[in-house]
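Notes for the one structure printed next.
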Number of protein chains: 2
Amino acid sequence: MAKYTGLSVATISKYINGGNVLDSNRDSIGEAVKILDYKVNEIARGLKTRKSKTVGVLIPKLDSIFTTTIVSHIEGVLQENGYGTIICDYRRDPGLEAVKLEFLLGKSVDGIIIMPLALEAEQLQKIIKNDIPVIFIDRSVKGFGSDVVMADNLNASYSATEYLITRGHRRIGFICGPRDIHTAQERLKGYLRVHGDYRLKIDEALIKYGDYEIESGYNYTKELLDILKPPAAIFATNYEMTIGAIMALNERSVKIPDEVSFIGFDNIHLADLVKPPLSIVVQPMRQIGETAGSLMMRRLKGDRTGFPSIIRLKTELLIKDSVRDISGVV
Amino acid sequence: MAKYTGLSVATISKYINGGNVLDSNRDSIGEAVKILDYKVNEIARGLKTRKSKTVGVLIPKLDSIFTTTIVSHIEGVLQENGYGTIICDYRRDPGLEAVKLEFLLGKSVDGIIIMPLALEAEQLQKIIKNDIPVIFIDRSVKGFGSDVVMADNLNASYSATEYLITRGHRRIGFICGPRDIHTAQERLKGYLRVHGDYRLKIDEALIKYGDYEIESGYNYTKELLDILKPPAAIFATNYEMTIGAIMALNERSVKIPDEVSFIGFDNIHLADLVKPPLSIVVQPMRQIGETAGSLMMRRLKGDRTGFPSIIRLKTELLIKDSVRDISGVV
DNA sequence: AAAAGCGGGTTAATCGTTTAGCTCCATATG
DNA sequence: CATATGGAGCTAAACGATTAACCCGCTTTT
């Protein structure tokens, strides 16, 4: 390049990075770029600027629509800004989670977006010594002050449960996520709070702690059906457990909503696939991804306004035909 | 590092890259690594070796289990080998497809794994001027000699259709993918070939060309139900169209398999979710991902044996209860 | 005993950028 | 007219590794 134009590399660097260059030179460099098909070598640039123009995305699993839809939109925003997205799936393995986090840092990513599982603040602190931006999605890590983008899980669960209550349901089976996951705690809180607000007693037997996998949705639904006074409604609180619950209900030939009313989570496709169409809590996956992506871009540009910001995005309760109104029935 | 040990950087480089170093020095360097918490700067290394230790993965959509499961296993293999996976979702947009491909190359990836849509050989040739390894998954690009890893679509479709035929079905609705996609062509070939082998006539009205989206599965299923002599069985040939088909059948309250027999594709979760459980053609997603990943690793190591290799992986026909045996019925 | 071989080290160039600091020249200012 | 001012370009040093070329001294070979 320098040779072709007869200019020094410094001038060319100026041209590329928008410095002052004479029009005539500007033209000749532009021409050279075309002819030599010049592309900046981002690696060399990265060495100098200590920026790799990539961000790492660390997620628990890549085979769940919820996660991948978010990732897809993160990737979209980042790519528009010239940033690459290095993805790491830790397969819900706490060991891998830390390993892959280190791996990402080894690749000198400029920022990290994490959907954490078992990661703890201390550990994070140790692994991430340079202060690159970290954004959590869906869940946060206690004691680690950082931006978080998540759905408003508490209200999501509150209003779904409230919907059941106002339709006359009093015994509502609740298939919850793991006790140690923040999202799950929030969803449980919503369930509990609405019971309090409506002065309803809580029957612990109706609360099942699953592990967010199909299997547990399946097993706990069966358990719920088997207790002495089975619930008149079941609320499954994530994508996979919704699938499992439906499998169990189908297997037992339980009629929805005649015998049991049902509300699921996330699984918007599923909603219309089974008969009758299911009422579903829908998380704003696209919005979560885009918000996380653009927040990351802001942080990468050095804008620390509002740090650490906790962004809760509204969920939607999609009403279909899987809930029976028994409020009139005595 | 060099300062700490009193050795030259060259010696340290040898240590890192496995050259001959005196035991005593080896120890002291090892100690220095610990104390200084030294990590090789892959960017600097990349500048010299012209390797970024990252592989680009270009896919049409990140919100389909089929794709993401594959990506997840690709990522797994690559990560084990120290390679990062930069992902790009082109959202089934041919424009974006080329743009993101260039983007990936701009990030100096060492190799590229593509699930192509509209990309053509010529275009590819132009974009990829340096001869980095390219591996196609699921579909190939005509005229571009490169490794391909895919499911054996022809046989998959052949045996699913054959299964229907041997159960007495003669009019089999076939919801095919787009005419210009190789995978879809292969699946169609299987359908046609088995008809030939069994000396059955083909009714063009039973073949619907969808676009691999839910919507088209839904619409074409309805169309199939509406023709004068509707098919006794329907075979949907991808994940999304299987969902759509089931939605349509549900909406029309068509009983499976009493009124219509059904075989779906890929959607293994769905299989048990609906009543009755669906028979499904299952692609070996994990195997596709792992094969593509390790093939990429081999190519990156310079092993060109068998190039270009076209790897077809066996699919499985998962038999459940959605097909009625009418071979005895006259 | 001299030559050859080799293990283990060093030096210095290099990869392709960015950037601080300098020079040069033209224009504006007092 | 002498002096600031500042635009545009250049030089050269970095960034942190790899690597070719070379050197030293010990062992082995003849």
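Just so it is clear: chains get the letters A, B, ... in the order the sequence lines come, proteins before strands, and each one is counted from 1.
A salt bridge links Arg298(A) with Asp303(A): the distance from a Lys NZ or Arg NE/NH1/NH2 to an Asp or Glu carboxylate oxygen falls below 4.0 Å. Salt bridge absent: Glu97(B) and Arg92(B) never bring a charged side-chain N and a carboxylate O closer than 4.0 Å.
Look at Ser13(B) and you'll find a side-chain N or O under 4.0 angstrom from OP1 or OP2 of dT18(D). Dashed line: the shortest gap from a side-chain N or O of Arg45(A) to OP1 or OP2 of dG16(C) is not under 4.0 Å.
Candidate nucleotides dT17(C), dT14(C), dG8(C) were compared by shortest atom distance to the side chain of Ala44(A), and dT17(C) ranks first. Of all nucleotides listed (dT18(D), dT10(C), dC15(D)), dT18(D) comes nearest to the side chain of Asn17(B). Which of dT11(C), dT17(C), dT18(D) sits closest to the side chain of Ala10(B) comes down to dT11(C). In this structure, the nucleotide among dA12(D), dC15(D), dC15(C) sitting nearest to the side chain of Arg50(B) is dC15(C). Of the listed nucleotides (dC10(D), dT17(C), dA17(D)), dC10(D) has the atom at the smallest distance from the side chain of Thr11(A).
Remark: Glu290(A) engages Arg286(A) in a side-chain hydrogen bond (donor to acceptor under 3.5 Å, both in side chains) (not counting sequence neighbours).
The residue among Ser8(B) and Lys14(A) whose nearest nucleotide of DNA chain C lies closer to the 5′ end is Ser8(B). Both Lys48(A) and Asn20(A) sit near DNA chain D, but only Asn20(A) has its closest nucleotide nearer the 5' end.
Judged as a side-chain hydrogen bond (donor to acceptor under 3.5 Å, both in side chains), the pairs with a partner in residues 137-149 of chain B (not counting sequence neighbours) are, in order, Asp147(B)-Arg299(B), Asp147(B)-Ser309(B).
Atom pair Asn41(B):CG and dC15(C):C1' shows a separation of 13 Å (rounding to whole Å applied). Whole-Å rounding puts the Glu42(A) CD to dG16(C) C1' distance at 12 Å. For the pair Leu47(B) CG and dA13(C) P, the computed distance is 17 Å after rounding to whole Å. Note: NZ (Lys53(A)) to C1' (dT18(C)) measures 14 Å, nearest angstrom. Rounded to whole Å, atom C1' of dA17(D) lies 14 Å from atom NZ of Lys107(A). Rounded to an integer number of Å, the gap from NZ of Lys39(A) to C1' of dT17(C) is 17 Å.
Residue contacts shown for Lys51(A) are absent, as no nucleic acid heavy atom lies under 4.0 Å away. Backbone-only engagement by Leu22(B) is indicated by non-hydrogen atom pairs under 4.0 Å involving sugar-phosphate atoms exclusively. Counting non-hydrogen atoms under 4.0 angstrom, Leu7(A) reaches the backbone sugars and phosphates but no base. Residue-level contact check: Tyr15(A) touches neither bases nor backbone, having no heavy atom under 4.0 Å from any strand.
Interatomic distance, Ile288(B) CD1 to Met285(B) CE, rounded to the nearest 0.5 Å: 8.0 Å.
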